[in-house]
Amino acid sequence: MKDKKIKNVFRQGAISSEFIGESIYKHQTKTSIGAHNIFLGQVRADIIDDKTVSAIEYTAYEDMANAKFHDIREAAFEKFELTCMHIYHSLGTVKAGEICLFVFVSSPRRKVVFEALEFIVEAIKADVPVFGKEIFEDESHQWKVNT
Amino acid sequence: MKDKKIKNVFRQGAISSEFIGESIYKHQTKTSIGAHNIFLGQVRADIIDDKTVSAIEYTAYEDMANAKFHDIREAAFEKFELTCMHIYHSLGTVKAGEICLFVFVSSPRRKVVFEALEFIVEAIKADVPVFGKEIFEDESHQWKVNT
Amino acid sequence: MHITIKYFGQIAEITQKGEESLEFSGALISELMEQLYEKYVPLKDKDFKVAQNQELVPLETQVSGNEIALLPPFAGG
Amino acid sequence: MHITIKYFGQIAEITQKGEESLEFSGALISELMEQLYEKYVPLKDKDFKVAQNQELVPLETQVSGNEIALLPPFAGG
């Protein structure tokens with residue numbers, strides 16, 4: 001299954017658990033699926049130099065980012081036998097404990113979903129121009145870097 | 001984090017998307033978590049000799065199965081730096097399109113969750129005495145075998 | 001020796017029961033299986049493993065008197 | 001040549017703007033960077049990549065006049 005149109009992956013603010021639950025529910029009509037694999041990125045309350053991260057403020061080079069997300073989708077559908085794939089990323093403020101990235105892959109068989117999900121998440125971390133400002137409780141900040 | 005008590009992993013019937021959503025929600029207070037990985041097994045409407053699977057009826061050697069699930073949990077906590085882990089498996093009838101297995105792992109860092117989730121799911125498939133009767137639309141059946 | 005045997009899935013379909021108590025005078029799991037093959041002829045063609053005290057055991061294992069179970073191929077997930 | 005440059009994250013913090021139009025008479029991205037380093041001295045110490053037409057490009061690339069963006073380290077997820 002391929003999808004040529006570039007979608008907007010971004011959502012304003014945190015991705016809610018209800019949204020994720022509903023997204024899972026919608027797949028119950030797709031009865032060729034045997035395995036789903038979901039990755040969720042959650043904002044950590046990291047402690048850096050005695051200061052605790054209270055939120056991350058996400059910005060992105062949106063056009064390029066959506067094009068990159070699209071390329072990643074295409075590459076994953078090419079590489080793996082997937083029934084469907086969904087990616088959502090937050091923009092704006094996401095508090096510690098909230099979810100900022102939701103990647104959802106489904107396939108008839110399980111082996112495929114493990115490989116595909118890791119491939120997609122690593123590609124997102126490496127290739128997509130999203131920027132994260134870690135806001136501390138005292139309102140100072142630092143810039144997040146993916147490792 | 002270790003957990004010595006043997007839990008009951010089994011749930012009667014399908015695992016609902018609401019239950020999964022709530023389970024995700026409950027982790028928002030655990031702000032050391034940076035990555036969740038979720039595996040969902042969904043019953044496929046496989047077509048075998050022109051007959052379509054409409055449901056799987058799950059039974060288990062429950063005591064041994066819960067002990068095996070416990071061993072798998074212990075092994076995973078030993079092997080991987082996990083913040084938490086949850087496993088739920090259905091017993092009884094689960095219709096095509098419904099979810100019969102829910103495995104949820106969380107960790108500060110993403111690399112760990114990918115490895116841990118695959119380890120756990122493969123161990124469940126290989127080591128846990130759960131049996132599945134694939135019910136066809138004409139009410140005949142065959143016995144499922146994991147591959 | 002009086003032992004309890006549990007049957008699951010396709011095996012229980014053959015034995016028509018989930019559990020039974022048997023009198024057994026042998027020593028090894030393999031001997032117990034011979035006794036069961038006589039009682040339930042179609043079992044011979046079936047693929048299953050044997051658990052004793054909730055652990056899979058090879059056929060050469062001594063029967064301890066603990067719970068024994070005949071387990072067809074696993075299908076979890 | 002009149003070109004548009006976009007700034008993001010930490011880079012936008014230095015330039016104090018998300019976008020600007022500049023007059024550029026050179027040829028290569030590296031020359032454009034020299035011009036920007038003069039205008040925004042702290043940029044020199046920062047880690048960033050350059051995208052032209054929404055693709056990362058090396059410094060030896062010809063400036064095409066398309067949209068150019070300065071991208072600090074990615075932090076998606």
Side-chain angles (χ1 to χ4, degrees), chain B residues 6 9-11 15 38-44 46 53 55-72 87-91 94 98-103 117-118 120-135 140-147, chain C residues 1-22 24 28-30 32-33 35-37 39-77:
Chain B
I6 293 189
V9 160
F10 293 107
R11 291 292 173 272
I15 295 159
I38 293 171
F39 179 86
L40 302 173
Q42 183 166 301
V43 173
R44 275 197 315 270
D46 277 350
V53 172
I56 294 182
E57 209 179 288
Y58 284 105
T59 54
Y61 184 7
E62 291 187 47
D63 288 349
M64 177 174 164
N66 277 315
K68 287 290 167 196
F69 278 122
H70 182 80
D71 292 348
I72 292 167
I87 306 177
Y88 301 97
H89 198 295
S90 295
L91 284 183
V94 182
E98 292 184 330
I99 288 160
C100 57
L101 172 63
F102 171 27
V103 184
L117 189 69
E118 187 164 7
I120 294 163
V121 172
E122 293 304 325
I124 291 171
K125 299 265 179 184
D127 301 340
V128 180
V130 171
F131 314 103
K133 192 172 164 179
E134 292 177 313
I135 316 282
S140 62
H141 72 266
Q142 74 168 23
W143 291 91
K144 186 178 171 248
V145 176
N146 278 346
T147 48
Chain C
M1 177 172 24
H2 214 67
I3 54 172
T4 298
I5 309 186
K6 285 175 179 278
Y7 305 110
F8 292 94
Q10 192 169 19
I11 304 299
E13 225 173 28
I14 290 167
T15 60
Q16 297 281 315
K17 52 177 77 86
E19 187 173 330
E20 70 182 322
S21 280
L22 278 183
F24 174 63
L28 303 181
I29 297 280
S30 57
L32 177 61
M33 290 306 115
Q35 189 173 325
L36 290 176
Y37 288 150
K39 187 166 180 185
Y40 306 108
V41 177
L43 265 192
K44 269 201 153 145
D45 304 325
K46 293 299 170 189
D47 181 19
F48 63 88
K49 290 174 178 170
V50 180
Q52 178 164 252
N53 198 20
Q54 298 180 18
E55 287 295 338
L56 298 183
V57 290
L59 290 175
E60 318 80 70
T61 308
Q62 203 78 23
V63 173
S64 68
N66 281 316
E67 184 178 283
I68 286 177
L70 270 56
L71 308 175
F74 300 169

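Per chain, numbering begins at 1; letters A, B, ... match sequence-line order.
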Check each atom of V128(B) against the heavy atoms of chain C and say whether the ones under 4.5 Å are side chain, backbone, both or neither. backbone
Can you pull out the donor-acceptor contacts between chain C and chain B, under 3.5 Å, including backbone atoms?
| from | atom 1 | to | atom 2 | distance (Å) |
| --- | --- | --- | --- | --- |
| E13(C) | OE1 | W143(B) | NE1 | 2.8 |
| E13(C) | OE2 | H141(B) | NE2 | 2.4 |
| E13(C) | OE2 | W143(B) | NE1 | 3.4 |
| E55(C) | OE1 | K68(B) | NZ | 3.0 |
| E67(C) | OE2 | Y61(B) | OH | 2.3 |
| F74(C) | O | N146(B) | N | 3.1 |
| A75(C) | N | V130(B) | O | 2.7 |
| A75(C) | O | K144(B) | NZ | 3.1 |
| G76(C) | O | N146(B) | ND2 | 3.0 |
| G77(C) | N | H89(B) | NE2 | 2.7 |
| G77(C) | O | K125(B) | NZ | 3.0 |

Just give me the residue among G132(B), P129(B), A60(B) that pairs up with chain C most often, heavy atom to heavy atom, under 4.5 Å. P129(B)
Quick one: side-chain hydrogen bond (donor to acceptor under 3.5 Å, both in side chains) pairs with a partner in residues 68-77 of chain C, sequence neighbours left out? none
So, the part of A12(C) with a heavy atom under 4.5 Å from chain B: the answer is neither
A65(B) versus chain C, the contacting section by heavy-atom distance below 4.5 Å: neither
Could you please state which residues from residues 68-77 of chain C sit under 4.5 angstrom from chain B, measuring non-hydrogen atom to non-hydrogen atom, sorted by number, or 'none'? A69(C), L71(C), P72(C), P73(C), F74(C), A75(C), G76(C), G77(C)
